[in-house]
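Here is the structure we will look at, set down as structure tokens.
No hydrogens, no waters, no symmetry mates; every other heavy atom, side chains included, goes into these values. Note on naming: letters A, B, ... go to the chains in the order of the sequence lines (proteins, then strands), and numbering restarts at 1 for each one.
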There are 2 protein chains.
Amino acid sequence: MTGRLIDGRAIAAALRAELADRVAAAPVRPCLAIVVPTADEGAAWYVRQLSRTAERLGIECRVVGPPVGADELVDRLAELSADDTVHGVLCQTPLPAGVTPVQAGSAIDVAKDVDGANPRSAGLLAAGASAYPPATAAAVLHLLRAEGVELAGRNAVVVGRSTVVGKPAATLLLAEQATVTVCHSRTRDLAEHTRRADVLVAAVGRAGLLGAEHVAPGAVVVDVGTNPTPDGGLTGDVRTDEVVDVAAAVTPVPGGVGPVTTATLLSHVVHAAGV
Amino acid sequence: MTGRLIDGRAIAAALRAELADRVAAAPVRPCLAIVVPTADEGAAWYVRQLSRTAERLGIECRVVGPPVGADELVDRLAELSADDTVHGVLCQTPLPAGVTPVQAGSAIDVAKDVDGANPRSAGLLAAGASAYPPATAAAVLHLLRAEGVELAGRNAVVVGRSTVVGKPAATLLLAEQATVTVCHSRTRDLAEHTRRADVLVAAVGRAGLLGAEHVAPGAVVVDVGTNPTPDGGLTGDVRTDEVVDVAAAVTPVPGGVGPVTTATLLSHVVHAAGV
């Protein structure tokens, strides 16, 4: 093993400690409202874990639902956006049938859109204006900054073009002056592209898609994949055991992007509260 | 000369003819409102030319200003957006001091935002939802479609990352299933990237930046540059005379993207009128 595993848990812990200090010193207690429209095991687990982490940092967490029906979801998100005691609003997936991500996201005020779900937030970011990116994309950038990875003028390759990760990660990398390539399922000769990456972001949702043959010596690899394993665990899009022998550094799954995403989301809430 | 010059004037004429037919058969006359905030020679020339073209196609053109002061610009754009007799709203640059492109664009209703100036339009496009892209970026795609250029799985390289051309062109190319790389002033070894392009879009605003050494044999090159020449003419970002010997096809400047942009903008107005 020549490369290094990036310790996402430690990076998340450092960010949480900083947030806890800021919140402790603030005159206002930041408040995140999480709307959970549907009863879903994965969503429930995530919301519990997010709430616990928030409370430990002194951030109030107000959970609405489940259920919140398709007919009232947009109204509830708009009400929470208009509530002066709420600083951040998050709509948990999965959404109920009949509501699109664009409809739900558009109901969240941009100033409280801490997970970048409103299309206006995405457009503002692309225009270089101020808005919150989706927490996962922001976490990718936070990891790279925490690791001291230079981005200006470097080649960044993002595999995956989802609205919640691939595209916003590309936007953020471009804002950091990287030359950015977005690859996806229709890309011909994926390895030819990824082998040119100084920074490789895997966000495609296919377990073990990227191996040693996809990575240039010395690259930094961020694995956003969270694919369920038969034994109830998680595995990434990257074959970490192979890639760590080629790359300079790689984020493991679990313990990489995941914990940093939660901490980054809460950093957006703290920011939205003006803390 | 082994490559071919793409005839933007002919492609624009074909689109205009189609629009004129649709408008002639429609029960409603499409109406474009153009707000011209500042007295500027280039803007005045462009608005005159756009108005004339629109009128020839049976599209009403309502020009407001100049001047429209910074204090009233947002209100005027919002009023026109709320006016049922107006189908498209365009805010001509340059903007007056004190108004940002985001502020002006945000005042235009997305359904009438025929030049994709509202950040919400950009975010909707990135999310795969329906919205108008900036006319120049849409014109690049129209040219490629008109020329029968295959995009799915091909390598597209966009040089330039402006909010009005580079970024939306990248979004549109990605939606067409191309693998997309965005290069810019901080890109190291530009030619190494551009030589891998099946489709190369130059939108950087530097006269003659890209020459034969930047282009792969057989590539299709779209030159969005409109750089003024000392003799009062225009020249592109591409050294067309060299590149045409390498590329399969290249758009000239003038006579390439420019006329198609005007026709594409008017096609958005016709579409917004439901025609």
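By number of non-hydrogen pairs under 4.5 angstrom with chain B, the leading residue of A/Ala170, A/Ser185, A/Pro101, A/Gly153 is A/Gly153. Highest contact tally toward chain B, considering only A/Val158, A/Val180, A/Thr187, A/Thr163, is held by A/Val180 [criterion: heavy-atom pairs under 4.5 Å]. Per-residue heavy-atom pair counts under 4.5 Å with chain A were compared for B/Ser106, B/Gly105, B/Cys183, and the maximum is reached by B/Ser106.
Closest non-hydrogen pair, B/Gly123 versus A/Ala122, comes out as CA-CB, 4.1 Å. The two atoms that bring A/Leu174 and B/Arg161 nearest to each other are O-NH1, 3.0 Å, heavy atoms only. Closest of all the heavy-atom pairs between B/His184 and A/Gln177 is CE1-O, 3.2 Å. Heavy-atom minimum distance, B/Arg186 versus A/Ala152: NH2-CB, 3.3 Å. Summarising the geometry of B/Val182 relative to A/Thr179, their closest heavy-atom pair is O-CG2, 3.5 Å, with the distance given to 0.1 Å. Nearest heavy-atom pair, B/Ala127 versus A/Val102, reported as atom, atom and distance to 0.1 Å: CB-CG2, 4.1 Å.
No option in A/Glu192, A/His193, A/Arg188 other than A/His193 meets the side-chain hydrogen bond (donor to acceptor under 3.5 Å, both in side chains) test with B/Asn155.
Neither the backbone nor the side chain of B/Asp189 comes within contact range of chain A; no heavy atom of the residue lies under 4.5 Å from a heavy atom of that chain. Looking at A/Ser162, neither its backbone nor its side chain comes within 4.5 Å of chain B, counting heavy atoms on both sides. Of the two parts of A/Ala178, only the backbone, made up of N, CA, C and O, holds a non-hydrogen atom closer than 4.5 Å to a non-hydrogen atom of chain B. Only the side chain of A/Ala129 comes within less than 4.5 Å of a heavy atom in chain B; its backbone stays farther off.
With a 6.0 Å radius and a threshold of 12 heavy atoms from other residues, nucleotides or ligands, A/Arg206 has its CZ atom at or below the threshold.
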